[in-house]
J.: 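I have a structure here, written as structure tokens, and I will follow up with some questions on it.
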Amino acid sequence: MIDLRKLREDDEYKAGAIRKGADAAVIEELLASEASRRSVQTELEQLQAQANAASKEIGRADPAEREAKIAAAGELKSQLKDKEAAYAEVAGKVDELVLTIPNPAAPQVPDGGEEDFELIEVVGDTIDAPPMDHATYGEYMGWIETDHAVQNMGSRFAYLMGAAVQLEFALVQWTMTKLVGHGFTPVVAPVLVREEMMVDAGFFPTDRHQVYTVSEDGLFLSGTSEVALAGLHRGDLLDAGTTPLRYAGFSSCFRREAGTYGKDTRGIFRVHQFDKVEMFSFTDAESSWDELEMLRGIEQEILGDLQLPYRLIRVAAGDLGAPAAMKYDCEVWLPSEGAYRELTSTSNYLDYSARRLKTRIRGENGNELAHTLNGTACAVGRTLVFLMEHCQQADGSFVVPEVLRPFCGLDVILPPS
RNA sequence: GGAGGGAUGGCAGAGCGGACGAAUGCACUGGUCUUGAAAACCAGCGGGCCCUCGCGGGUCCCGGGGGUUCGAAUCCCCCUCCCUCCGCCA
């Protein structure tokens, strides 16, 4: 949730929201509602003060005077009811509108949409397409089964099988080990969450269409463990000095992929269910930008260790998603497509999500909202996609990246004879 | 899934319609005492929002949301969670 006071007072903040596609008219409507809410609140509180005083008097009054005083207080009560209704109406308007305003883009974020990113760094050399793209190769190796998956579960589902499963767990274990070394607390996060959690983490109402609903129980399947990790300090007032708090969450992730018909339909590049190791940090307001650089560094370290060629970009304002103020993407070279495709991403949400989560830090001069950040450590399925093309040899064998070998006990995986 | 019992400040725990934002203890902070510490004593010791340059003031919050009442931590309804017993289960 945005900072209403800042939206009112800071023009650059407001401009940042508009750069992300927020409707300027809606923002003005929100600001007008909020101004009206404040004035109604003051009036309401004055009435409440009168009513409270009147009631207290009744408690102290002589029994003889009570009846008259109760009648007088009853008069106030009806006024109060009207004012309460007026307040509820204007507050409801503010609450409704405020959730629709995205977190303003930070000043350093470029304008524009998907194509308008800022290229920061290109690492490693691109290679030519291997004999088989990942989908063909996955089927060839017996690693990806989609025929029955489609019949049983529908499109965009796959069975992962054979040595690919060992690679999957090796990636998870290797990543977790690395993150523990960086001071992260490992977490296996619940995937089903309540609606309030989705709202507080910043996913509802804007991304509701992307989320699977378990309506009978009022639960939602989260698209990333970020949701549950954000909830780890929901409502907490943290002591200064306890941050940063860093968590490495593992979970399966579920996405409806609405509106992506016909896009990335082959193999497992874009599926409804995948596993992911996610980094999540709670920091104070002063250190979140440094933290973002640290998360970015870990992502680059992981890609470097896997020897995947990639480019680092700063995502443009229009492509940030509602809660991020700034986002880096690491796009890895996908040889079969001759293009860089997104593998990992890290964002600074500033206090946008913490405001709803009510995650605060006790400070010398009052309490302040925490900042939250997240970053992909390893999107397992998609990492396998890239590995299947980069580690694929001319003879069809698969050379396991060196860093993973201790974690799966595999070195070279031979094709079926 | 069935039957009961609960949810109060950092923790423990009173209060069960009227001066209660809430006793008391512990923890914590400052002070007195002490060579120093402990003990003892004194004081302080929530959160959100609004108004105010500030001092300060107001309001809301006793799991969450509604309701009754002049007045609710206290009474009623719904929800969530926890505990005990039974059933089921990896």
Side-chain angles (χ1 to χ4, degrees), chain A residues 1-9 30-99 188 190-201 204 214-220 227-228 231-243 245 251-252 284-285 351-370:
Chain A
M1 184 167 73
I2 43 153
D3 184 338
L4 274 171
R5 180 174 301 166
K6 213 167 165 188
L7 190 71
R8 189 199 321 155
E9 291 167 357
L30 171 61
L31 287 174
S33 301
E34 197 262 342
S36 146
R37 178 180 68 176
R38 274 182 293 132
S39 70
V40 175
Q41 179 176 346
T42 303
E43 291 164 22
L44 173 65
E45 288 181 1
Q46 282 166 359
L47 269 177
Q48 285 171 327
Q50 286 178 45
N52 287 343
S55 292
K56 282 193 174 168
E57 237 182 90
I58 291 167
R60 282 188 286 253
D62 278 346
E65 297 171 12
R66 281 208 171 188
E67 283 309 315
K69 285 187 188 284
I70 287 173
E75 194 63 31
L76 270 175
K77 192 189 179 184
S78 73
Q79 286 181 46
L80 197 54
K81 245 188 175 132
D82 291 346
K83 196 55 84 177
E84 272 169 357
Y87 180 77
E89 191 184 328
V90 66
K93 182 84 177 165
V94 171
D95 291 344
E96 180 196 326
L97 290 176
V98 75
L99 287 183
V188 176
V191 295
L192 286 165
V193 302
R194 288 232 179 89
E195 182 164 18
E196 307 93 86
M197 191 61 245
M198 280 293 190
V199 173
D200 289 0
F204 280 10
V214 184
S215 49
E216 182 152 1
D217 298 286
L219 293 169
F220 299 85
V227 180
L232 228 30
H233 292 290
R234 188 155 175 251
D236 288 359
L237 216 196
L238 304 167
D239 286 321
T242 57
T243 56
L245 289 161
S251 81
S252 292
D284 59 32
D351 61 13
Y352 187 80
S353 167
R355 181 167 289 106
R356 286 208 59 98
L357 290 166
K358 297 186 176 66
T359 302
R360 294 157 304 157
I361 300 171
R362 211 183 288 281
E364 295 261 316
N365 320 304
N367 304 322
E368 62 166 26
L369 289 168

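Each chain gets a letter, A, B and so on, in the order its sequence line appears, and its residues count up from 1. This structure is a prediction, so every number in the text was calculated from the model and none was measured.
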J.: How far apart are the C-alpha atoms of A/L357 and A/M1, what are their side-chain angles, what is the distance that settles it, and do they pass the side-chain contact (heavy atoms from CB on, under 4.5 Å) test?
T.: CA-CA 9 Å; A/L357 290 166; A/M1 184 167 73; over 6 Å; no
J.: Excluding sequence neighbours, so at least two apart, what forms side chain to side chain contact (heavy atoms under 4.5 Å, CB included) with A/Q48?
T.: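 A/L44, A/E45, A/L80, A/E84.
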J.: Work out how far the C1' atom of B/A22 is from that of B/G31, and round it to whole angstrom.
T.: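 One C1' to the other, the span is 27 Å.
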J.: What's the gap between B/A72 and B/C76 when it is taken at their P atoms, as a whole Å value?
T.: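 Pairwise P distance, B/A72 against B/C76, rounds to 15 Å.
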J.: Which residues within residues 34-45 of chain A lie with some heavy atom under 4.0 Å of an atom in RNA chain B?
T.: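 Heavy-atom cutoff 4.0 Å gives A/R38, A/Q41, A/T42, A/E45.
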J.: With nearest nucleotide decided by heavy atoms, which residue, A/I58 or A/R362, maps closer to the 5′ end of RNA chain B?
T.: A/R362
J.: Is it true that, when you exclude A/E196 itself, more than 12 heavy atoms of the residues, nucleotides or ligands shown sit nearer than 6.0 Å to its CD?
T.: yes
J.: How would you list, by chain and number, every residue that makes a side chain to side chain contact (heavy atoms under 4.5 Å, CB included) with A/A228, sequence neighbours excluded?
T.: A/A189, A/P190
J.: Looking at residues at least two apart in the chain, or sitting in another chain, which of them share a salt bridge (Lys or Arg N to Asp or Glu O under 4.0 Å) with A/E67?
T.: none
J.: Do any pairs count as a side chain to side chain donor-acceptor pair (under 3.5 Å) and have a residue in residues 68-80 of chain A, sequence neighbours left out, and if so which ones?
T.: A/E57-A/K69
J.: Rounded to the nearest 0.5 Å, how far apart are CG of A/D351 and CD1 of A/I2?
T.: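 One finds 10.5 Å between CG of A/D351 and CD1 of A/I2.
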J.: Give the rounded distance in Å between these two atoms: CD of A/E84 and C1' of B/C70.
T.: 14 Å
J.: Using the P atom as the point on both nucleotides, what is the distance between B/G30 and B/G46, in whole Å?
T.: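 Straight-line distance between the two P atoms is 15 Å.
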J.: Once you round it to whole Å, what is the distance between P of B/U59 and CG of A/L80?
T.: 11 Å
J.: For a quick test of reading the model, state the closest non-hydrogen atom pair linking A/S251 to A/V191 and the distance between them.
T.: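 Taking A/S251 first and A/V191 second, the nearest heavy atoms are CB-CG1, 3.8 Å.
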J.: Whole-Å distance between B/G48 C1' and A/R355 CZ?
T.: 13 Å
J.: Compare every heavy atom of A/S33 with every heavy atom of A/L97, then report the nearest pair and how far apart it is.
T.: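 Heavy atoms only, the tightest pair is CD1-OG, 4.3 Å.
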J.: Between B/G57 and B/G4, how far is it from one C1' atom to the other, in whole Å?
T.: 48 Å
J.: What is the base-pairing partner of B/A73, counting Watson-Crick and G-U wobble geometry with both distances under 3.5 Å?
T.: none
J.: Given B/C79, is OP1 or OP2 found less than 4.0 Å from the side-chain N or O atoms of A/R194?
T.: no
J.: Sequence neighbours excluded, which residues qualify as salt bridge (Lys or Arg N to Asp or Glu O under 4.0 Å) partners of A/D3?
T.: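 For A/D3 the salt bridge (Lys or Arg N to Asp or Glu O under 4.0 Å) partners, ignoring immediate neighbours, are A/R355.
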J.: Who pairs with A/M198 by side chain to side chain contact (heavy atoms under 4.5 Å, CB included), at least two apart in sequence or on another chain?
T.: A/V193, A/F203, A/F204, A/V211, A/F220, A/S222, A/V227
J.: In Å, rounded to the nearest 0.5 Å, how long is the span from CG of A/L369 to CG of A/D284?
T.: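 Result: 12.0 Å between the selected atoms.
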J.: Rounded to whole angstrom, note down the P distance from B/G21 over to B/U59.
T.: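 Looking at atom P only, B/G21 and B/U59 are 10 Å apart.
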J.: Please tabulate, for side-chain N and O atoms in residues 232-243 of chain A, each donor-acceptor pair with protein atoms closer than 3.5 Å (sequence neighbours left out).
T.:
residue: A/H233; atom: ND1; partner: A/D236; partner atom: OD2; Å: 3.0
residue: A/H233; atom: NE2; partner: A/Y247; partner atom: OH; Å: 2.6
residue: A/R234; atom: NE; partner: A/D200; partner atom: OD2; Å: 2.7
residue: A/R234; atom: NH2; partner: A/D200; partner atom: OD2; Å: 2.9
residue: A/D239; atom: OD1; partner: A/R362; partner atom: NE; Å: 3.2
residue: A/T242; atom: OG1; partner: A/D239; partner atom: O; Å: 2.6

J.: Taking the same atom, P, in B/G13 and in B/G63, what whole-Å distance lies between them?
T.: 15 Å
J.: Go ahead and name the base partner of B/U84; Watson-Crick or wobble counts if both distances stay under 3.5 Å, otherwise write none.
T.: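 The answer is B/A3, by the H-bond criterion.
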J.: Between B/G47 atom P and A/L237 atom CG, what is the distance in whole Å?
T.: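 Nearest whole value for this atom pair: 7 Å.
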J.: How many whole angstroms separate atom CD of A/Q46 from atom P of B/C49?
T.: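 My rounded result for the distance is 20 Å.
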J.: Using Watson-Crick or G-U wobble geometry with both distances below 3.5 Å, tell me the partner of B/C26, or none.
T.: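 Base partner found: B/G10.
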J.: For RNA chain B, what residues of residues 47-57 of chain A have any heavy atom nearer than 4.0 Å?
T.: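 Going residue by residue through residues 47-57 of chain A, the ones with a heavy atom under 4.0 Å of RNA chain B turn out to be A/Q48, A/A49, A/N52, A/S55, A/K56.
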J.: Does the structure show a Watson-Crick or G-U wobble partner for B/A37, both distances under 3.5 Å? Name it, or say none.
T.: none
J.: Can you tell me, in whole Å, how much space there is between the P of B/A73 and that of B/G66?
T.: 15 Å
J.: Whole-Å distance between B/U69 C1' and A/E67 CD?
T.: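 One finds 13 Å between C1' of B/U69 and CD of A/E67, rounded.
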J.: Let's go through A/V98 and A/L7 carefully: what are the C-alpha distance in whole Å and the side-chain angles of both, what is the deciding distance for side-chain contact (heavy atoms from CB on, under 4.5 Å) to 0.1 Å, and is it a yes or a no?
T.: CA-CA 11 Å; A/V98 75; A/L7 190 71; over 6 Å; no
J.: Could you measure between the two P atoms, the one in B/C75 and the one in B/G15, and give it in whole Å?
T.: 12 Å
J.: In whole angstroms, how far is the P atom of B/C45 from the CG atom of A/D239?
T.: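 Distance check: A/D239 CG to B/C45 P gives 18 Å.
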J.: Rounded to the Å, how far apart are A/D95 CG and B/C49 P?
T.: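 Answer to the nearest Å: 14 Å.
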J.: Both A/R66 and A/N367 contact RNA chain B. Taking the nearest nucleotide for each, which residue is further toward the 5' end?
T.: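 The residue mapped nearer the 5' terminus is A/R66.
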J.: A side-chain contact here means heavy atoms from C-beta on lying under 4.5 Å apart; do A/D217 and A/L192 qualify?
T.: no
J.: Detail all sub-3.5 Å separations between protein N/O atoms and N/O atoms belonging to nucleotides 63-66 of chain B.
T.:
none

J.: Between the protein and nucleotides 26-29 of chain B, which nitrogen or oxygen pairs come in under 3.5 angstrom?
T.:
none

J.: A/E34: which residues meet the side chain to side chain contact (heavy atoms under 4.5 Å, CB included) condition with it, sequence neighbours left out?
T.: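 Only A/L4, A/R8, A/R37, A/R38, A/V94 meet the side chain to side chain contact (heavy atoms under 4.5 Å, CB included) criterion with A/E34.
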